A.B. asks: 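The structure follows.
All of these numbers come straight from a predicted model, not from anything done at the bench.
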Amino acid sequence: TEEFIAFKFVKQLAKFTKPIIVAVAGPAVGIGTTLLLHSDYIIAANNSKFKLPFSQLGLCPEAGSSAILPLKLGHNKAFELVVLGDLFFAEQALNYQIINKCCEPSELLSMTKQVAESIAKLPQDSVLTARKLLKQTNQAAVEQAISNEAEQFTRLLDTDDCKTIMQKFFG
């Protein structure tokens, strides 16, 4: 089967070696949230909304989220977010340790730029080594989860449940 381009992107993102600094404003739904799990520093505007609607769409987690979310949140909270797919906001994302900081929308880009510049001024070898060491313990599990999720996600896309849900959604 042909692999979706998004799955190829996620595999490369998981292997990326440089720090990933992210600014979030507005909705981050599905992969918009799961991609954040590969980032190193995330600032979200307080108007940001997060949602993992996989089960609601007849799908399963993707982008390694089945490995990363339980590590961050524990099984029960990860299950709640992925299976029930309830909307949550920036303050909750901060409490869940999905983001580092929350700010006013008008401050978002300047705060994010300041963090990126601070990191860029540090010795590069030291920063890259620290990032590598922090990620190494779970790297193999995350990469395996990405592969497992892609296989199941592709399978679920072809189920009657998913097709019916998508038809109603896009219909």
Side-chain angles (χ1 to χ4, degrees), residues 4-54 56-57 59-74 77-82 84-143 145-146 149-150 153:
F4 292 108
I5 192 74
F7 296 151
K8 291 178 182 179
F9 176 73
V10 168
K11 284 181 180 179
Q12 291 305 308
L13 184 64
K15 294 177 184 177
F16 197 68
T17 59
K18 294 183 180 178
I20 300 171
I21 314 305
V22 178
V24 179
V29 178
I31 200 164
T33 295
T34 58
L35 288 179
L36 297 176
L37 302 174
H38 297 278
S39 304
D40 300 294
Y41 201 100
I42 305 157
I43 302 174
N46 58 17
N47 66 349
S48 299
K49 299 173 185 177
F50 304 85
K51 187 173 177 72
L52 299 167
F54 301 116
Q56 295 168 346
L57 298 173
L59 296 169
C60 66
E62 37 77 342
S65 58
S66 66
I68 301 169
L69 280 174
L71 291 173
K72 284 184 170 291
L73 309 172
K77 183 54 76 174
F79 181 89
E80 175 186 337
L81 295 182
V82 169
L84 294 179
D86 292 338
L87 187 68
F88 60 100
F89 300 91
E91 283 294 330
Q92 290 164 292
L94 183 62
N95 290 336
Y96 299 158
Q97 299 179 17
I98 291 173
I99 66 171
N100 296 82
K101 288 191 178 183
C102 184
C103 68
E104 292 294 322
S106 61
E107 301 171 322
L108 181 62
L109 292 180
S110 63
M111 283 182 72
T112 305
K113 183 179 177 189
Q114 183 179 13
V115 169
E117 288 173 347
S118 295
I119 292 169
K121 290 177 185 175
L122 296 169
Q124 183 178 6
D125 190 9
S126 173
V127 170
L128 295 178
T129 300
R131 184 181 192 276
K132 181 179 179 179
L133 291 169
L134 289 167
K135 288 196 170 268
Q136 75 182 359
T137 301
N138 302 311
Q139 189 67 29
V142 169
E143 289 178 18
I146 290 169
E149 291 165 350
F153 194 95

A.B. asks: Does any part of the side chain of V115, heavy atoms only, come nearer than 4.5 Å to the side chain of N100, both counted from C-beta?
C.D. replies: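 N100 vs V115: side chains apart.
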A.B. asks: Check whether any side-chain heavy atom of I42 sits under 4.5 Å from a side-chain heavy atom of V24, and report yes or no.
C.D. replies: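 A side-chain contact under 4.5 Å exists here.
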A.B. asks: Apply side-chain contact (heavy atoms from CB on, under 4.5 Å) to L37 and K72, showing your working.
C.D. replies: CA-CA 9 Å; L37 302 174; K72 284 184 170 291; 4.0 Å; yes
A.B. asks: Looking only at heavy atoms, which two atoms of A145 and S66 are closest? And how far apart?
C.D. replies: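 Where A145 meets S66 most closely, the heavy atoms are CB-OG, 3.8 Å.
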A.B. asks: Closest approach of G26 and N47, non-hydrogen atoms and distance?
C.D. replies: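 That closest heavy-atom pairing would be N-OD1, 3.6 Å.
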A.B. asks: Does K51 NZ have over 12 foreign heavy atoms under 6.0 Å away?
C.D. replies: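 Buried by this count: over 12 neighbours within 6.0 Å.
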A.B. asks: According to the interplanar angle, ranging from 0 to 90°, do the rings of F50 and F88 count as parallel (below 30°), tilted (30 to 60°) or perpendicular (above 60°)?
C.D. replies: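 Ring orientation, 0 to 90° scale: parallel.
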A.B. asks: List in chain and number order the residues that pass side-chain hydrogen bond (donor to acceptor under 3.5 Å, both in side chains) with K49, two or more places apart in sequence or in another chain; answer none if no residue qualifies.
C.D. replies: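 By the side-chain hydrogen bond (donor to acceptor under 3.5 Å, both in side chains) rule, K49 matches no residue at all.
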A.B. asks: Of all heavy-atom pairs between D40 and K135, which one has the smallest distance, and what is that distance?
C.D. replies: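 That would be OD1-CE, 3.5 Å.
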A.B. asks: Got more than 12 heavy atoms from elsewhere within 6.0 Å of CD, Q124?
C.D. replies: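 No.
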A.B. asks: So, for I99 and A44, which heavy atoms are closest and what is the spacing to 0.1 Å?
C.D. replies: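 Taking every non-hydrogen atom into account, CD1-CB, 3.7 Å.
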A.B. asks: Is there a donor-acceptor pair closer than 3.5 Å between any side-chain N or O of Q139 and the backbone N or O of A14?
C.D. replies: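 Looks like yes, one N/O pair under 3.5 Å.
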A.B. asks: Could you tell me whether the side chain of F89 reaches within less than 4.5 Å of the side chain of Q92, counting heavy atoms only?
C.D. replies: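 Heavy-atom side-chain distance check passes, below 4.5 Å.
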A.B. asks: Within a 6.0 Å radius of atom CD on Q56, are there more than 12 heavy atoms belonging to other residues, nucleotides or ligands?
C.D. replies: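 More than 12 heavy atoms, drawn from other residues, nucleotides or ligands, come within 6.0 Å of this atom.
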